[in-house]
Amino acid sequence: MSRAPNLSRALTLETPQTTPDGAGGFVTEWHALGTLWAEIRASAGRERQTELGPQGEQRLRMLVRAAPQGAPQRPRPDQRFREGARIFRILSVTEADAQGRYLICLTQEESPA
């Protein structure tokens, strides 16, 4: 990493919590863990076929400050980021630099439910 990242976007890190729905099933609720500041860049895009025809899919690369393994503020692939009404499912998390100062989170934007 040759330049300092521009961590200018405030993202809420959310984690899922599954609770019984009272009818034998479960409901997933999302709970905020805190705010992480990120630099967001477009990554690979692709087109996929759905029941309604072709749909574009854009992945985004989000760079955030690192946190130790197991720390609640360290993103995980079962979590998501929220920016206002926008939701980004976390697909993978990896260290961005040898010093472990930043993490790269590959995300997929989703429609709110």
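Numbering starts at 1 and runs along the sequence shown. What's counted below: heavy atoms across the whole structure, side chains too, no hydrogens, waters or symmetry copies. Treat the numbers as computed from the prediction; the structure is a model and nothing was measured.
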Rounded to the nearest 0.5 Å, what separates atom OG1 in T107 from atom CD1 in I87?
12.0 Å
Please tabulate, for the side chains in residues 21-32, all donor-acceptor contacts under 3.5 angstrom to protein atoms that are two or more places apart in sequence or on a different chain.
from : atom 1 : to  : atom 2 : distance (Å)
D21  : OD1    : A23 : N      : 2.8
D21  : OD1    : G24 : N      : 3.4
D21  : OD1    : G25 : N      : 2.9
H31  : NE2    : Q17 : OE1    : 2.9

Taking D78 for the side chain and P16 for the main chain, is one N or O donor matched with an acceptor at less than 3.5 Å?
no
Heavy atoms, side chains only, cut-off 4.5 Å: are W37 and S8 in contact?
no
Residue pairs involving residues 9-18 (criterion salt bridge (charged side-chain N to carboxylate O under 4.0 Å, His left out); sequence neighbours excluded):
R9-E83, E14-R80, E14-R82
Run the side chain to side chain contact (heavy atoms under 4.5 Å, CB included) test against L33 and tell me which residues pass, sequence neighbours left out.
L13, T15, Q79
Taking the side chain as every heavy atom from C-beta outward, state whether V93 and L106 have any pair of such atoms under 4.5 Å apart.
no
Do the side chains of R65 and L7 get nearer than 4.5 Å, heavy atoms only?
yes
What I'd like to find out is whether the side chain of E109 reaches to under 4.5 Å of the side chain of Q58, using heavy atoms alone.
no
Contacts under 3.5 angstrom, residues 66-75 side chains, donor-acceptor by atom type, not counting sequence neighbours:
from : atom 1 : to  : atom 2 : distance (Å)
R74  : NH1    : A67 : O      : 2.7
R74  : NH2    : E95 : OE2    : 2.7

Point-to-point distance, once rounded to the nearest 0.5 Å, from CZ of F81 to CD1 of I90
4.0 Å
L60 versus F88: any side-chain heavy-atom pair under 4.5 Å?
yes
For C105, which of I40, L91, V64 qualifies under side chain to side chain contact (heavy atoms under 4.5 Å, CB included)?
V64
Minimum heavy-atom separation for M62 and L11, please, with both atom names.
SD-CD1, 3.5 Å
Test salt bridge (Lys or Arg N to Asp or Glu O under 4.0 Å) applied to R89 - qualifying residues, sequence neighbours left out:
E110
